[in-house]
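Some notes on the structure that comes next.
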There are 2 protein chains.
Amino acid sequence: MAQESPTFSPLYRQIKSLILQALASGEWRPGEAIPSEAELAVRFNVSQGTARKAIDEMAAENLLVRKQGKGTFVASHNDPRAFFRFLRIVPIDGTLAFPQSVPLECWRAKAGLEASRTLQIAVGAPIIIVRRVLKFSGKPVVVDEIYLPGEIFQGLTLEVLQEYQGSIYSLFETRFGVRMIRAEEHIRAVAADRTSAELLKVAEGSPLLSVERTTYTYGDKPVEWRRGLYSTAEHYYHNELS
Amino acid sequence: MAQESPTFSPLYRQIKSLILQALASGEWRPGEAIPSEAELAVRFNVSQGTARKAIDEMAAENLLVRKQGKGTFVASHNDPRAFFRFLRIVPIDGTLAFPQSVPLECWRAKAGLEASRTLQIAVGAPIIIVRRVLKFSGKPVVVDEIYLPGEIFQGLTLEVLQEYQGSIYSLFETRFGVRMIRAEEHIRAVAADRTSAELLKVAEGSPLLSVERTTYTYGDKPVEWRRGLYSTAEHYYHNELS
DNA sequence: GAGTGGTCTAGACCACTGC
DNA sequence: CAGTGGTCTAGACCACTCG
């Protein structure tokens, strides 16, 4: 017997991708509630259980947040609980506090080979580069260099960065409509160059964590590449394996 | 109205903890199939859907592995697909191959303060310390120092380590009945000391990744502590954020 | 009390595996 | 073909939130 459906996709996954589409198109914005399970079931003409299963998967992927009795909400980087999902550094002595982001520079450039490859844009396409320092209780711990596709982040300036209260992903979300949903990090140990050493107030040549990150929005589209240098004298990068 | 169940726990979670108990007691061993959903439903006197939901959660936590048409199996470190779940280092040039573990030393000692704290055993309790090197295509990339509670790993010797084919967690599982299910890693950048530098064939003082790991078995019981020094000249530590 | 998500059930049918 | 997990449905009821 010939196989009827070589690319069989269950109903709830089709519903899921429809909801995903609606999310990507901005039908509901980060922080807002999406329609109730019952409403979605009617809209997509499936049972509530099937709509539920689609939502379940998206909640497991941190795209949606369920709140019993209230509704289901589009995940947002404005939510303080989401903050440390993408910042895995914690103080050795355990006194966890929110860091302060200090933007240093923000300039325009054209994409080189590496930026072109990681951001999947043309060589020579406009990019924006941001340099900033992250301070914990006043002490510099991380220096970041952030590469962004210029087309998406038009209007991003040092002033915008300095004025904004909240995380940089929160800014991207509210001001540029770009929601970061997933990232890959490549971590290595490197020796501090002169400028980084000065910024982090460590000796030149001392070991630093180099954290290179590619960040993706809906549809696995890369929209940020960054390299962070982490001083791990009083902090460590925390990771959970399971 | 007084709240009826301040510690409300749904049925499927109770079932889950019963299955967990059976797993911890060794009723089914790693790699073996557990009873079918229908059988479990009968055994615990719930509907198949409820048994299913319990299993679903455990599969999501990598405790069980579902295989359509075949059954549900206890997760095992013998499964090669599970190998890189706990070893997050990959070559820069992408040619992923299985590393070779080279045990160097294995000796007995008594737990100091740090071992006592991380392994949750008494100070002075017997521990076993293993030193080994991990080689990728013949080149040393990681040097590990592994601390184990002596009581659990009685009979572990350098010979046992050298003879065994397969990952060390696979050995722990088959020879000592200890299954690792979760770990926390603290990652920092350090300068290579003399012995590590020699083993990894890098210059003394060059930056290395220090990966400290506490590993837990069922019931969140810590059963391993280790520090790995990773040479990241030709490899990086890979992490996914979501 | 109305509306939301969360649980539980029972039953039908589909997809995959292996004998 | 029988046995397994996977999907889908419909309905009842529970837990939580808010007005």
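Each chain gets a letter, A, B and so on, in the order the sequences are listed, and its residues count up from 1.
- Regarding B:Phe73, its CZ atom lies at a distance of 11 Å from the C1' atom of D:dG5, rounded to whole Å.
- A heavy-atom distance below 4.0 Å to DNA chain C is reached by these residues of residues 24-37 of chain A, ordered by number: A:Ser36, A:Glu37.
- Classification of A:Glu212 and A:Arg188 as a salt-bridged pair fails, no side-chain N sitting under 4.0 Å from a carboxylate O.
- A:His186 is linked by a ring pair (Phe, Tyr, Trp, His ring centres under 6.0 Å) to B:Tyr236, B:His238, counting only residues two or more places apart in sequence or in another chain.
- With sequence neighbours excluded, the residues forming a side-chain contact (heavy atoms from CB on, under 4.5 Å) with A:Phe73 are A:Ala33, A:Lys67, A:Lys70, listed by chain and number.
- When each of A:Arg85, A:Arg182, A:Arg88, A:Arg213 is paired with B:Glu240, the salt bridge (Lys or Arg N to Asp or Glu O under 4.0 Å) condition holds for A:Arg182 and for no other.
- The aromatic rings of B:Phe83 and B:Phe98 lie tilted to each other, with the angle between the two planes from 30° to 60°.
- In this entry the distance linking CZ of A:Arg13 with P of D:dT7 reads 7 Å, nearest Å.
- Of the possible polar contacts, none joining the B:Asp144 side chain to the B:Ile146 backbone as a donor-acceptor pair under 3.5 Å is found.
- C:dG6 atom C1' lies 15 Å from atom NZ of B:Lys16, rounded to whole Å.
- Proximity of A:Lys67 to the phosphate of C:dT4: no side-chain N or O atom is located under 4.0 Å from OP1 or OP2.
- No donor-acceptor pair closer than 3.5 Å links the side chain of B:Thr215 to the backbone N or O of B:Met180.
- Side chain of A:Glu39 to main chain of A:Ser36: a donor-acceptor pair is present (N/O by atom type, distance under 3.5 Å, no hydrogens or angles).
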Might you list the N or O atoms of the protein lying below 3.5 Å from N or O atoms in nucleotides 9-13 of chain C, with each pair's distance?
{"from": "C:dT9", "atom 1": "OP2", "to": "B:Ser47", "atom 2": "N", "distance (Å)": "3.0"}
{"from": "C:dT9", "atom 1": "OP2", "to": "B:Ser47", "atom 2": "OG", "distance (Å)": "2.9"}
{"from": "C:dT9", "atom 1": "OP2", "to": "B:Thr50", "atom 2": "OG1", "distance (Å)": "2.3"}

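- Checked by atom type and distance alone, the side chain of B:Thr217 pairs as donor or acceptor with a backbone atom of B:Arg179 at under 3.5 Å.
- Annotation for A:Ala51 and A:Val46: closest pair N-CG2, 4.0 Å, computed over non-hydrogen atoms.
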Would you tabulate the nitrogen or oxygen pairs shorter than 3.5 Å linking the protein to nucleotides 17-19 of chain D?
{"from": "D:dC18", "atom 1": "OP1", "to": "A:Lys70", "atom 2": "NZ", "distance (Å)": "3.2"}

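- Distance CG (B:Leu40) to P (D:dG5): 8 Å, rounded to an integer number of Å.
- Closest to the side chain of B:Glu39, out of C:dG5, D:dT4, D:dG6, is D:dT4.
- Between A:His77 and A:Phe172, the ring centre distance reaches or exceeds 6.0 Å.
- A:Arg52 places its CZ atom 12 Å from the C1' atom of D:dC14, with the value rounded to the nearest Å.
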For A:Tyr12 and A:Asp56: C-alpha separation, side-chain torsions, deciding distance, then whether side-chain hydrogen bond (donor to acceptor under 3.5 Å, both in side chains) applies. CA-CA 10 Å; A:Tyr12 74 87; A:Asp56 274 344; over 6 Å; no
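- Under the 6.0 Å cut-off for aromatic ring centres, B:His235 and B:Phe136 qualify, their centroids lying closer than that.
- Within residues 54-64 of chain A, no residue has any heavy atom closer than 4.0 Å to DNA chain C.
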